[in-house]
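A quick write-up on the structure given underneath.
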Number of protein chains: 4
Amino acid sequence: MAGNSFGTLYKVTTFGESHGEALGGIIDGCPPGIQLDFEAIEVDMARRKPGQSAIVTQRKEPDSVQFLSGIFEGKTTGTPIGFIIPNTNQKSDDYSHIKDNYRPSHADYVYDQKYGLRDYRGGGRSSARETASRVVAGAIAKQMLPEIKINAYVSSVGPIHLDTPYQELDFSKIESNPVRCPDEKSAAIMEEYIRDIRKQGDTVGGVVTCVIQNVPVGLGEPVFDKLHAELGKAMLSINAVKGFEYGSGFSGSEMKGSEHNDLYNPDGTTKTNLSGGIQGGISNGMDIYFRVAFKPVATIMQTQDSLDNKGNITPMTGKGRHDPCVVPRAVPIVEAMAAIVLADFYLINKTY
Amino acid sequence: MAGNSFGTLYKVTTFGESHGEALGGIIDGCPPGIQLDFEAIEVDMARRKPGQSAIVTQRKEPDSVQFLSGIFEGKTTGTPIGFIIPNTNQKSDDYSHIKDNYRPSHADYVYDQKYGLRDYRGGGRSSARETASRVVAGAIAKQMLPEIKINAYVSSVGPIHLDTPYQELDFSKIESNPVRCPDEKSAAIMEEYIRDIRKQGDTVGGVVTCVIQNVPVGLGEPVFDKLHAELGKAMLSINAVKGFEYGSGFSGSEMKGSEHNDLYNPDGTTKTNLSGGIQGGISNGMDIYFRVAFKPVATIMQTQDSLDNKGNITPMTGKGRHDPCVVPRAVPIVEAMAAIVLADFYLINKTY
Amino acid sequence: MAGNSFGTLYKVTTFGESHGEALGGIIDGCPPGIQLDFEAIEVDMARRKPGQSAIVTQRKEPDSVQFLSGIFEGKTTGTPIGFIIPNTNQKSDDYSHIKDNYRPSHADYVYDQKYGLRDYRGGGRSSARETASRVVAGAIAKQMLPEIKINAYVSSVGPIHLDTPYQELDFSKIESNPVRCPDEKSAAIMEEYIRDIRKQGDTVGGVVTCVIQNVPVGLGEPVFDKLHAELGKAMLSINAVKGFEYGSGFSGSEMKGSEHNDLYNPDGTTKTNLSGGIQGGISNGMDIYFRVAFKPVATIMQTQDSLDNKGNITPMTGKGRHDPCVVPRAVPIVEAMAAIVLADFYLINKTY
Amino acid sequence: MAGNSFGTLYKVTTFGESHGEALGGIIDGCPPGIQLDFEAIEVDMARRKPGQSAIVTQRKEPDSVQFLSGIFEGKTTGTPIGFIIPNTNQKSDDYSHIKDNYRPSHADYVYDQKYGLRDYRGGGRSSARETASRVVAGAIAKQMLPEIKINAYVSSVGPIHLDTPYQELDFSKIESNPVRCPDEKSAAIMEEYIRDIRKQGDTVGGVVTCVIQNVPVGLGEPVFDKLHAELGKAMLSINAVKGFEYGSGFSGSEMKGSEHNDLYNPDGTTKTNLSGGIQGGISNGMDIYFRVAFKPVATIMQTQDSLDNKGNITPMTGKGRHDPCVVPRAVPIVEAMAAIVLADFYLINKTY
C-alpha cells in the first residue's frame, strides 16, 4: 500500500523517478474492445510537456509514450496496459548540489527522514514528472467515456482572477493561448504577469477550474467513496495542490439553505446547480464543476536558505529550467485525474 | 467496492440507515493491547449527538455504542472490533411524506435513480446519522495515537468568520460554548446568528478548522496517497462538505514562491508553515492544519418545491427537528476522520 | 488488512469471537432489488448449526441472524447489509482451563505470540464459530445467482471414501442423512464410523466435494485472480482445511496431455471435463467441481500434553461438546464460500 | 480489479503478453535500503528460462530484466520498482494457425467469450511467459527476507514419485540435474521418462514440493487471509496448477485427531509437524511445507481436434517448441510466489 495506485476497477499504478531510466505505469481494468486514438493521447501529453511555450519550463523532454501490452491491432484487449515514457534528456549533473541539501518547501527532507535514502536527482519520485503517466491513463479513460466532456482551464494566476461563470466561457478557446485561459483578455494579463514573475526569478500559484458535462446520473458510491471525495483526493494528489472545492465550495458555507437548495425541474434536472452536479456523493446529471488551488513552484531563481543533511543552513539558488507558474501545464493533469475517477465509477456503477 | 470502507490498515466499514434497527461498523486492523477508555468514546459520541444544545436539532437519540467483539478485559485484541448503535427513538411516520418525493438538494432522487429503490425513512443510508459510526472509529484511533493532538473548531458560521490564527487560540475553550468556537466573542455572535436563522426556518453553512499537532515526520505515502489527499477525501466524504484546503490553501494560489517557501531551522523544523505540516504528501513534523467548508442543511422549515417520482413539482415544508447549522456537531466528526487517516498512515509507516 | 474481509465487489467482512456478545458481519456490494428468502438463509444456518444430529457437537447455539441494515421491505437496497448472530448460550467457565494453556494443534499459542494477548474463551476469534457469518453471506450470494446450482457433500470420512463420480449421484439425497453424503450406503458406513470415533474420545478428518453447475462462461480474472485460485483461497480459509484440488486435481499430475485434454463439441462444451469447468482461470460453462480436505478436529476427549504459557508441559483432557468429525457441518460452509466467490466474480464480470 | 495484482503491502502488478513488446511489472511496497543482488535475480530468471536443458522447451528467450525505477545506487528506495523483460525473439507467424482456432484445454475459447477479442499470439496474456515477472518480484522478496529459506523441488513426474520425506533430502542437489529433483536416482528416472514422453509427442504433469524454513512465528492473518490460504491462492494462480495441499494435506483427512495433533516441546516447537508450520492461519515457527500439482501441458505434438470460432471441429497439431513437462521450470515460480506471500505477511505483521 505504498500509494502508487489509484482507482478500484479502472486502476492505474505508476512508477518512475524524474531522472531514472523511464517513467511508466500499468492501467488495469480498462475494458476490452476500445479502438484507441493514439494521436489524442499524444495531444494530451503535449499539453503537459515542458518546453511547449515561452511561459513554462524550457526543459526538453520528448515525453513520448510506448505501449507494451494490453493493446492488439489498435484495440484494448482487457488485459493490463503497460507503458513506459523514457527519460531521454535528463541532465543528472544539474542536481548534484541538492544531493546533501534539502530545498525549502520540497520533499527532500521528508523523503530522507521516511526512507533513509533518496534518489535526489531532479526530485526523484516526488517530481511532478510522474504526472506524465497520469496523463496517459487519463487520456485512455477519456476514450472509454466518449460522451462525457471534461474541460479544465486556468481561472486564476496569482492575484489575477477570471470570475466569469464557466457557462459564459467558450471552452474551444482554452488551447488558443499558452496560459490555457478561455477568456482572451484575462489570458493576456495572466501571461504578462507570468513573464514578469519569471524575470524576478520568482514563481506564482494559480487555480484550475474543471467542468465535466454529460455525466450520467448515478456515478459515485456512498458513503466514503463519494464522487466528489474521490475527485478531491485525485486533485489533492497532484503535486503542489493546496485546496479543492466543488459546486458552491467555500462560498457555499456562507449561504442560507433557502438560497443554496437547487430546486427541481420536472425532468429531474435542477434550476440552479450550487450542488455542482453531485448529491449525496452521486452524480445527478447536472454539470460537475470544481476548482483546484496550486501553490507557487518552490524552486525559485533567487537565493534562499536551505538545510543540509548535517543540520547546517546554507544559501542555495535554484538551477535548471523550472516553471514560473505551474497551472498552464496542470490543466491536462487535472483533466486526466478527473477522467480516471469517472472511468472508475462508471465501471463500479455497472455492477448494480 | 460499494464505498462503505475507509482506510487500508486501520480500516473502518460502516453500515446502517437512519431508521433501521441499528447503525454500526467494524474496525479492522486496530493493533492489540490498547487499553480502551470507554468514557472518552462516549464523550466524543455526546459531542456529535443531537439534542445536546439549543442550537442543534432537538431530536433525542441516545447514541450509545455497544461493542460486540475485538475487546477482551478492556483491551483491544487485534481482532476486528464490531459495534452497533441501536436506533431507539426513531419516528418512522415522520417521513411518510417523502416516500414518493425528492427533497431539493438531498440524495433522494439520485438514490432512486441509482438503486431503483431506497429506504426513504429519514434519508436512509444518506443520512448524516451514519457519521456516528465514524466517531466511534475515530475515538479509538485517537487512543491508538495518544501523543498526537487533534483539535477541530468552528471558524465560521455563515458570514461570521473567526480570522484569528489558530496559534493564538486556546483550544481548551472549544467545548465552553455550544458553537464549539474557541473565541468567546465570536462564539456569542455565531450563536446569536444561528438562533436567528432558526427563527426564520432557515439554515446556514459554516467552516470547521482542524489542527493536528505532534505528528511524527514520515506519515503519508507518495504519490497518490498523499497525507493531505487522504485527509481531503476523508473530509469530503462527510455529509454536506463542499471544500477542503490545507496550509496556505486557496490563498496560497495567490502567493509568490519567494513568499510561500518555508525556510528551515537547523533542526528540520521550519520558520513558517504555509505548507501546513506536509511536504510531498508526507508529514514534516510541523502542525497540520486544514479548513473544511460545509453547505447549509438542505432541510428547511420553509415551503419549497420538491419533485415527486411521477415528475410533478409539489410544494413541501420540512418536518421534524433539524439542525439550523451543522458545524457545531461536525467538529467531532472532522476530528474522527482525521484520527482515522492518521492511524492508517501510522500503521502503513511501520512497514518501512 | 487484518484479514477479516473476503471479496472485492461482493465483499464480506466478519467480526466476533466464540464467546463474545455476538458474531456478525457486513456484506458490502450486494446489488439492490433482490427479494430475500429469509427462510432459505435460516435453512443454511441450520445445516451449519451445532446440535443438529447425533454425530455432531451437542452444544446448543440457536444461531439466528438479525439483519440490521441494507434491507427494506424485504429487498436489498444496495447499501451494506449489517447483521449479528448473538452468542446466547455460551458457557465461559468451560474454558478457564485453557486460559494459560496452549492446546496442541490449536491457534492458542500463535495468537499469544502474534498479539501478546488473546480472548481464550472457546478459541476466541480462531473458533470455527466465525463461519456462521460466512453462511449468512453465502446464503445471500446464492440468492443473487439463482440460476447457479451449488451442491457440496461429504465424499470421505477418515478412511471411508465415496468414489462414485458426482454425475452418478443424486444431490437431492445429500440432506437425507446426518453425514450429508448422497450415497446412502456410504453414508451409513460413515455415520457408524463417526459414532465409533466419538466413543473412543477421538476425532477424524474427511473430504467435502463441491459441484457448481450452470455457471456462465467468463467468470474469473487472469492472471492472479483465477477463478480456481480464489475458490482455493476461499476453501483454505475455512478452519481445519489442509488441501484443495479442482478438476483432475492431484491425479491430473500423473496424466499425459493426450489423456488430459478436453476436446471440444461444436457448441463450445467439452466431451470430457478434466479441466473442472475452468480454463486459464476463467469459467468455460462446464461443471466446476473441487475437493476440500479437512483435518481431524484437534480437541479430543483423550488426555494429551499441552504447553502452558510458562513453558511447562502439562496433560490436558478436552472438555465441552465437540464435533467428532467436522465435515457434515462443513458442507454448508463450503457452499457459502463458493457462492461468495461466484457472486464476486459475477459482479466483476459485469464491468467488461 | 482485473486480477493483475498480488499482495497487499508487498504488491506485485504484472503486464504483458507472450508476443507483445515486453512483459514487466511494478513492485510496490518493497522497503527502502535493501542492497540488491542482481546476480541472484538473474539466477532465478535462468532457472525459469526456456532452453535451459534438453528436457524443457527449446525456445530461445533471453529473459533479461531491465529495472527502470525504485533502485538508486544499487539499493531499493521505497518507491515502486518498475521493470520490463523485452520479448526479443518471438516468432509471431508460428501462431497464425490458432488465430481463429481454440486449442483444447487452453484459454483461447474463454478469452474470446469473455473479452470479445484476444491477442492470439502464443497464448497472449494467458501464456505462462507472464510468470517471468513473478520470478523477478519473488527474487527481490527473497532478498527482503534473507533469513527465510525457501526450497522447492520436483517430487513427482507423471507416475514417478519421490516419496522420501523432505527432511531426508539434500536441497543443495536440487540444481544438480535438469529435473530439479534432489534425489539423484529419482531424478534420472524422471528425466528418462520425460525424454520418452517428448518422443511420443506427448506431455506429462507432475508435482512440486516446497519447504520454507526459519519462518518467524506470527506471519498470516486470520480469518480469511490465513497464511496457507494465501499460499494456496498464490500457487493455484500459476499456470497449469490443479491442486494444493500443505502439512498433512489430503492424507490428513484420513487421520484421527489423536494421531494428527502436534504435541509441544517446552520451547513452543512441536514434536511432529503435521500442521505444516501453520496454526489457525498463522506461522508457528516450524517448517512450512506444501505440494503443488501441475497438469500436463496442453500443447502436444500429436493431432487433436480443436474448435474454430465458427463452431467447426478441425484437427490441429501442436507447432513450435513446448515443454514436455512443466515442473522443472515451475520450481523457481513456486519459490517466487511463496516469497511474495511471505514478504507481504512479513510487512503486515510489522503493523501490530
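A note on names: the letters A, B, ... follow the listed sequences, proteins ahead of strands, and every chain is numbered from 1. Fair warning: this is a prediction, and the values are worked out from it, not measured in the lab.
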For [X] against [Y], the heavy-atom pair lying closest together:
X: C:Pro104; Y: D:Tyr264; answer: CA-CE1, 3.9 Å
X: D:Gly280; Y: C:Ala107; answer: CA-CB, 4.0 Å
X: C:Asn261; Y: D:Gln304; answer: ND2-OE1, 2.8 Å
X: C:Gly249; Y: D:Ala293; answer: O-CB, 4.1 Å
X: C:Asn265; Y: D:Ile313; answer: C-CD1, 3.8 Å

Identify which part of [X] has an atom lying under 4.5 Å from any heavy atom of chain C, answering side chain, backbone, both or neither.
X: D:Tyr193; value: side chain
X: D:Phe290; value: neither
X: D:Met235; value: neither
X: D:Gln200; value: side chain
X: D:Ile300; value: side chain
X: D:Val327; value: neither
X: D:Leu231; value: neither
X: D:Ile282; value: both
X: D:Asn312; value: neither
X: D:His161; value: side chain
X: D:Asp308; value: neither
X: D:Thr351; value: neither
X: D:Thr270; value: neither

Are the side chain of [X] and the backbone N or O of [Y] linked by a donor-acceptor pair below 3.5 Å?
X: D:Lys233; Y: C:Leu236; answer: no
X: C:Ser253; Y: D:Phe294; answer: no
X: C:Lys114; Y: D:Gly220; answer: yes
X: C:Asp305; Y: D:Leu263; answer: no
X: D:Lys242; Y: C:Ser275; answer: yes

Margin query: Quick check for you: among D:Gly123, D:Gly158, D:Gly218, D:Gly276, which has the greatest number of heavy-atom pairs under 4.5 Å with chain C?
Written below: D:Gly158
Notebook entry, point to check: Angle class for the D:Phe6/C:Phe224 ring planes (parallel below 30°, perpendicular above 60°, tilted otherwise)?
Noted result: tilted
Next item on the list: Please tell me if the side chains of D:Asp262 and C:Ser105 come closer than 4.5 Å, counting only heavy atoms from C-beta onward.
Entry: yes
Next item on the list: Could you check if a side-chain atom of D:Val223 sits within less than 4.5 angstrom of a side-chain atom of C:Arg134, using non-hydrogen atoms only?
Entry: yes
Note to self: Is C:Phe345 in contact with chain D via its backbone, its side chain, both, or neither, using a 4.5 Å heavy-atom distance?
What the structure shows: neither
Next item on the list: Below 4.5 Å from any heavy atom of chain D, which atoms of C:Ser258 appear? Answer side chain, backbone, both or neither.
Entry: both
Check: If you round to the nearest 0.5 Å, how far is OG of D:Ser126 from NZ of C:Lys226?
Finding: 8.5 Å
